Amino acid sequence: MRKVSRNNPIATVIKNYTNKESGKVTDSRKEIQRRFFGLDWKDQRNIMAAFLDAGAADRNWAYSRLLDLWDASFEKKVQELWETYHEEKCSWVMIRHFPKEYLGKHIDQFNEGRDYYFICRRLAEDSGFVIDKDKLSKTDYLMALSHADRHIDDSEATDTLYEIVRDIAFHWNPSMELSRDYMPHRREVMKASDFANVSIALYYIEKMGNDDVVTAFRTWENNVQGIVRDSEEYRTLRNKSISDYDYKDELATIVQNHLYYALPEKYKTMTDEEYAKRSEINEESAWMNRSEALVAEMNQIVTSTDETEDNFPF
């Protein structure tokens, strides 16, 4: 017969948790965390305050709760903790909930991961806020502009697209750059927009109204797709008896090379001959690191099932 434990009064549990001499801190912590979402707001607020006064692990737990249960009464304490420890999850709370004036004044202190992008999401609605392109990835820059209802001229949009393609051309394992939902079909030829960052860029550039840029790029990628389809490397790959995973891997490398060869000259950083030699060296390196690539692919952090969705991931 399963034994069911009775709940203690939550005030008693909180008291045992905060009293380091009670001998019940660990058990009280577990009980608090188990019961937290079923408690009244007053008790939840007292618990989060107690956890903010505890060690790093408990503070992180409290920060995660504060993201959705924010109350202005925590502002002073959270600011104090941020200025003392600069903890990552604390910055998430501040970026989401602190006054814009504070974020703008201390913007240079938020420099972990995509902090600057999410600050832009809050501050860029003010037309006077200048988005620093150099602090953002190319796709984050486009997303920041789009969410702030700003625009990009056709020349910059075109440059951004082809620079993203060039980045893919120099990635040591291009299959890792493919969209998460890409599935290889032996009768279909991979194209530039099958790579995640290209797909994201096209989505936001089109959303901002640069239709001519998108149309021109689609024509270019279709031409590259045709070149790949007619290539000797592709015909050889089609005749190989290999797994879908290996097929995708090898096809991505073939497409990667032809994307570079087809780039407009202004975006190339080396001759095609130099790139071909570099590709030969990279093929050996990629094979040596194949197991690491598989682990990295399996461990990718997925924050959304739709790559064009970029709401706060915390």
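This chain uses plain numbering: 1 for the first residue, then up along the sequence. Heavy-atom basis, side chains included; hydrogens, waters and symmetry copies ignored. Just so we're clear, the structure is a prediction, and the values are computed from it rather than from any experiment.
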Report summary line: One should read off an interatomic distance between Asp249 CG and Asn173 CG, to the nearest 0.5 angstrom, of 5.0 Å

Requested in this report: Would you indicate whether the side-chain heavy atoms of Asp132 and Leu136 approach each other to under 4.5 Å?
Outcome: no

Query raised in the report: For the ring pair Trp92 and Phe118, is the centre-to-centre distance below 6.0 Å?
Result: no

Query raised in the report: Do Ile107 and Tyr116 pass the side chain to side chain contact (heavy atoms under 4.5 Å, CB included) test, and can you show the C-alpha distance, the side-chain angles, and the key distance before you say yes or no?
Result: CA-CA 8 Å; Ile107 193 167; Tyr116 182 75; 3.5 Å; yes

Requested in this report: Starting from the C-alpha separation in whole Å, work towards a yes-or-no answer on side chain to side chain contact (heavy atoms under 4.5 Å, CB included) for Glu83 and Gln79.
Outcome: CA-CA 6 Å; Glu83 293 174 352; Gln79 179 177 334; 3.1 Å; yes

Report task. Using atom types as modelled and distance alone, determine if a side-chain donor or acceptor of Asn239 lies under 3.5 Å from a backbone N or O of Thr236. Result -> no

Query raised in the report: Where do Glu232 and Arg235 land on the salt bridge (Lys or Arg N to Asp or Glu O under 4.0 Å) test, with the steps shown first?
Result: CA-CA 5 Å; Glu232 182 64 32; Arg235 287 195 293 270; 3.0 Å; yes

**Report entry** Lys240 bridged to Asp246 by N-O distance under 4.0 Å
**Finding:** no

Report task. Say whether, by atom type as modelled, one donor and one acceptor occur between the side chain of Ser231 and the main chain of Tyr234 under 3.5 angstrom. Result -> yes

Query raised in the report: Between atom NE2 of His106 and atom CD of Glu101, what is the distance when rounded to the nearest 0.5 Å?
Result: 12.0 Å

Report task. Look at the side chain of Arg45 and the backbone N and O of Phe74, then say whether any donor-acceptor pair between them is shorter than 3.5 Å. Result -> no

Requested in this report: Could you grab the distance from atom CZ of Phe217 to atom CD1 of Ile205, nearest 0.5 Å is fine?
Outcome: 8.5 Å

Query raised in the report: Parallel, tilted or perpendicular for Tyr260 and Phe170, by the 30°/60° rule?
Result: perpendicular

Query raised in the report: In terms of hydrophobic clusters joined by side-chain contacts under 4.5 Å, are Trp41 and Leu67 together?
Result: yes

Query raised in the report: Cation over ring, Arg65 on Trp61, under 6.0 Å and within 45°?
Result: yes

Query raised in the report: Is it true that Asp68 and Arg96 have a side-chain N and a carboxylate O under 4.0 angstrom from each other?
Result: yes

Requested in this report: Kindly assign one of parallel, tilted or perpendicular to the pair Tyr102 and Phe98, based on the angle between their ring planes and the thresholds 30° and 60°.
Outcome: perpendicular

Requested in this report: Look at the side chain of Arg166 and the backbone N and O of Tyr267, then say whether any donor-acceptor pair between them is shorter than 3.5 Å.
Outcome: yes

Report task. Identify whether Ile227 and Val255 are in the same connected component of the hydrophobic contact network (ILVMFWY, side-chain heavy atoms under 4.5 Å). Result -> no

Query raised in the report: Is it true that a side-chain atom of Arg186 and a backbone atom of Arg238 form a donor plus acceptor pair closer than 3.5 Å?
Result: no

Query raised in the report: Would you say Tyr247 and Met183 are hydrophobically clustered, going by side-chain heavy atoms of ILVMFWY under 4.5 Å?
Result: no

Query raised in the report: Which word best sums up how the rings of Tyr261 and His258 line up, parallel for under 30°, tilted for 30 to 60°, or perpendicular for over 60°?
Result: perpendicular

Query - Verify same cluster id: Leu142, Val130 (apolar side-chain graph, 4.5 Å) - result: no

Report task. Give me the ring orientation class for His97 and Trp70: parallel if the planes are under 30° apart, tilted from 30 to 60°, perpendicular past 60°. Result -> parallel

Atom pairs and distances, donor-acceptor, side-chain atoms in residues 190-197, under 3.5 Å, two or more places apart:
residue: Ser193; atom: OG; partner: Arg218; partner atom: NH1; Å: 3.2
residue: Ser193; atom: OG; partner: Glu221; partner atom: OE1; Å: 3.1
residue: Ser193; atom: OG; partner: Glu221; partner atom: OE2; Å: 3.2
residue: Asp194; atom: OD2; partner: Lys191; partner atom: N; Å: 2.9

Query raised in the report: Rounded to the nearest 0.5 Å, how far does CG of Asp149 lie from NZ of Lys207?
Result: 8.5 Å

Requested in this report: In sequence, state the C-alpha distance, the side-chain angles, and the governing distance for Tyr162 and Lys266, and then conclude on side chain to side chain contact (heavy atoms under 4.5 Å, CB included).
Outcome: CA-CA 10 Å; Tyr162 285 114; Lys266 66 178 287 189; over 6 Å; no

Requested in this report: Any chance you could lay out the side-chain hydrogen bond (donor to acceptor under 3.5 Å, both in side chains) test for Asp71 and Ser73, step after step, and finish with the verdict?
Outcome: CA-CA 5 Å; Asp71 185 83; Ser73 63; 2.5 Å; yes

Requested in this report: For the pair Lys268 and Glu265, find out whether any cationic side-chain nitrogen is under 4.0 Å from an anionic carboxylate oxygen.
Outcome: yes

Report task. Hey, can you tell me if Trp82 and Phe110 have their rings parallel, tilted or perpendicular (30° and 60° cut-offs)? Result -> parallel

Query raised in the report: So how far is it from His86 NE2 to Gln109 CD, rounded to the nearest 0.5 Å?
Result: 5.0 Å

Query raised in the report: Do Glu31 and Arg35 sit within salt-bridge range, that is, some charged N less than 4.0 Å from a carboxylate O?
Result: yes

**Report entry** Pairing of Glu156 and Lys133 as salt bridge, 4.0 angstrom limit
**Finding:** yes

Query raised in the report: Is the shortest heavy-atom distance from the side chain of Lys42 to the side chain of Asn46 under 4.5 Å?
Result: yes

Requested in this report: For the pair Asp126 and Lys100, find out whether any cationic side-chain nitrogen is under 4.0 Å from an anionic carboxylate oxygen.
Outcome: no

Report task. Mind checking side-chain contact (heavy atoms from CB on, under 4.5 Å) for Ser28 and listing every partner two or more places apart, or none if nothing turns up? Result -> Val13, Asn16, Tyr17, Lys24

Query raised in the report: With a 4.0 Å cut-off, would you call Asp167 and Lys138 a salt bridge?
Result: yes

Query raised in the report: Is Glu87 reaching over with its side chain to a backbone N or O of Ala56, donor-acceptor style, under 3.5 angstrom?
Result: no

**Report entry** Pairwise distance OG1(Thr18) to CZ(Phe51) - rounded to 0.5 angstrom
**Finding:** 10.5 Å

Requested in this report: Please indicate whether Lys20 has more than 12 foreign heavy atoms, meaning atoms of other residues, nucleotides or ligands, lying under 6.0 Å from its NZ.
Outcome: yes

Report task. Could you tell me whether Lys135 and Asp140 make a salt bridge, using a distance below 4.0 angstrom between a side-chain N and a carboxylate O? Result -> no

Requested in this report: Determine yes or no for a side-chain-to-main-chain donor-acceptor pair under 3.5 angstrom, with Gln256 supplying the side chain and Ala169 the backbone.
Outcome: yes

**Report entry** Side-chain donor or acceptor of Arg121 paired with backbone N/O of Ala144 under 3.5 Å
**Finding:** no

Query raised in the report: Judged by atom type as modelled, is there a donor-acceptor pair below 3.5 Å linking the side chain of Gln225 to the main-chain atoms of Val189?
Result: yes

